[in-house]
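One structure is given below, encoded as structure tokens.
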There are 2 protein chains.
Amino acid sequence: MNDFNEKDISMTFLKGMKVLECFSGIDRAMSISEIAKKTDLNRTVTRRLVLTLEHLKYLESTDRRYSLTPRILRVAGGFLQGHDIGKHVTPILKSFSDKIKESISFVMLDEDRAIYVAHSPGDQRLITQGFTIGSTLPLHATGLGRAILAFCPEDRQKELLKKSPCASYTNNTTVDPEKLKSDLTLTRARSYALVINEFEEGVTSLAVPVLHQDGELIGAVGIVGPNPRFQDEKKRQERLNVLHECAEEIAMLV
Amino acid sequence: MNDFNEKDISMTFLKGMKVLECFSGIDRAMSISEIAKKTDLNRTVTRRLVLTLEHLKYLESTDRRYSLTPRILRVAGGFLQGHDIGKHVTPILKSFSDKIKESISFVMLDEDRAIYVAHSPGDQRLITQGFTIGSTLPLHATGLGRAILAFCPEDRQKELLKKSPCASYTNNTTVDPEKLKSDLTLTRARSYALVINEFEEGVTSLAVPVLHQDGELIGAVGIVGPNPRFQDEKKRQERLNVLHECAEEIAMLV
DNA sequence: GCTCATATGATTGAATATCGGACAAAAAGA
DNA sequence: TCTTTTTGTCCGATATTCAATCATATGAGC
């Protein structure tokens, strides 16, 4: 039961969180046995944990199938409010997003992925590729991820590069660590990341880091879209300027 | 320890969630003893639960003070993605919000409060009153709340009215249950809620319910702003039309 | 409608994880 | 420096956990 776990970790709570987390996938409503299977927990245990979550109003049941309630947003709101996301970051994103008629996203580092923290949809109410608050991206194959990777503290970067198995998403994904490293150096030098066709065929992402005055990395802001939109050199530069401005404004208050 | 708790509820998990929840307040970073005090849990227990959360990367510590990481957004994202919030609702809100140059919010019912689920900031990057995803509003004193209250299933409404202590926020807050009930009837009849000066002096809120075809309540969309902006009858009607259109679009996919 | 397969609910008791008081160590204030 | 407060550790008592079991409910296939 306790392989390498220190004694300062509560197994029950761990399992409970496992149950809660299993709802972050695609499945909207799940029965107790489905949950047990997905979390690899004993069914009786799962049942009690699920009932506890229902009691706390994080889950609700219809026809013996459980699904998340909006309650979880209260906790998420704690994070967002603490970082002034709703109050300041989102409006900033929106104002810049209106300016260039593109959807802009703000991500932070969550373990070994970039996680969407705020997002302003662009003008056309299309694509957005389904990414929303809480979605995560791999670091090595996306613009937002590389902007983060490039501006991490060195030791953190090393850790992340070591851990990452550099999954391949398209024929163009950079999987060679050396090649990735040299791109990170370039990214650092020019202060922006540009990644084409590496995560999704036909998609380009342009991103810049959000840095505190002292150089500490906060996250990254970026634009993602079909390749043709990024081919005009002048337009790309204009977007880059907007992203840099945007990053600076965010850095001032997060 | 177990006052009325059924045996199907895991106390440890309950306590753990209590610890996690206590970060949804204002305090950004807390020490273990602060957390113990706030949650009213034994310090040793609190410690183990906090360490568990740190192990799971929901919390991180700097100088013995713990704060939320973006990790919680993964779970919140599960809810948001499941309801197509980021993919569809937010873009819809944005397009209508652009049309009337007002910030529009989408809320759902969370126990006995209305909880912000999606929000599109208006043109001016001001006020927004600090409300963001995860913030909650009282049902009886706000337009969004009353739109929900008025279109609840009858039994649910009764429950909510019974529980609610009808807190008073300004001199104008409706606290008399009878008066509230008659306003709810009016709200239902005209299909929108209009609440002035009841939650914050000088602030008006206009909201409409989001209903499935079968009449099932999903949530509400609304606009909040300084009173003068709502005085022009024609403009108000125009906004109302936009809100209704918006609600209809959302109802089609949530 | 009937049968089989599977999902769910309830109960049990042995195993054990959790609790929380007491004490020690370390910071933080005075 | 000396308090005061916070934090870390230990351990016996106790409450919780969870595998195994059976009973019931649900659904699929015939």
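Just so it is clear: chains get the letters A, B, ... in the order the sequence lines come, proteins before strands, and each one is counted from 1.
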Spacing of A/Arg65 atom CZ relative to D/dT26 atom P, expressed in whole Å: 14 Å
Whole-Å distance separating the OH atom of B/Tyr66 from the P atom of D/dT6: 15 Å
Integer-rounded Å distance: D/dG8 P and B/Ile35 CD1: 11 Å
Salt-bridge contact A/Arg74-B/Glu21 (side-chain N to carboxylate O under 4.0 Å): no
A/Asp8 bridged to B/Arg47 by N-O distance under 4.0 Å: yes
Side-chain donor or acceptor of A/Arg146 paired with backbone N/O of A/His140 under 3.5 Å: yes
N or O in side chain of B/Lys15 less than 4.0 angstrom from C/dT18 OP1/OP2: no
Among D/dG8, C/dG20, D/dT17, the nucleotide that comes nearest once only the side chain of B/Ser10 is considered: D/dT17
Phosphate OP1/OP2 of C/dG21 contacted by B/Arg43 side-chain N/O (<4.0 Å): no
Contact under 4.0 Å: A/Ser31 side-chain N or O vs C/dA7 OP1/OP2: no
Nearest-nucleotide comparison on DNA chain C, the residue closer to the 5′ end among B/Val45 and A/Lys37: A/Lys37
Heavy-atom closest pair, residues A/Phe13 and B/Phe13: CD1-CD1, 3.6 Å
Rounded distance (Å) that lies between atom P of D/dT17 and atom CZ of A/Arg48: 4 Å
Nearest-angstrom distance from the residue atom CD1 of A/Ile32 to C1' of D/dA25: 14 Å
Whole angstrom value for the distance that separates P of C/dG20 from CG of B/Leu49: 11 Å
Any A/Thr44 side-chain N or O less than 4.0 Å from OP1/OP2 of C/dG9: no
Heavy-atom side-chain proximity of B/Ile85 to B/Ile133 below 4.5 angstrom: no
Residue met sooner reading DNA chain C from 5', once B/Arg64 and A/Glu34 are mapped to nucleotides: A/Glu34
Shortest side-chain distance from B/Arg47, nucleotide among D/dT17, D/dT9, C/dG9: D/dT9
Euclidean distance, atom CE of residue A/Met11 to atom C1' of C/dT16 [Å, nearest integer]: 12 Å
Interatomic distance where CG belongs to B/Asp63 and P belongs to C/dA27 [whole Å]: 12 Å
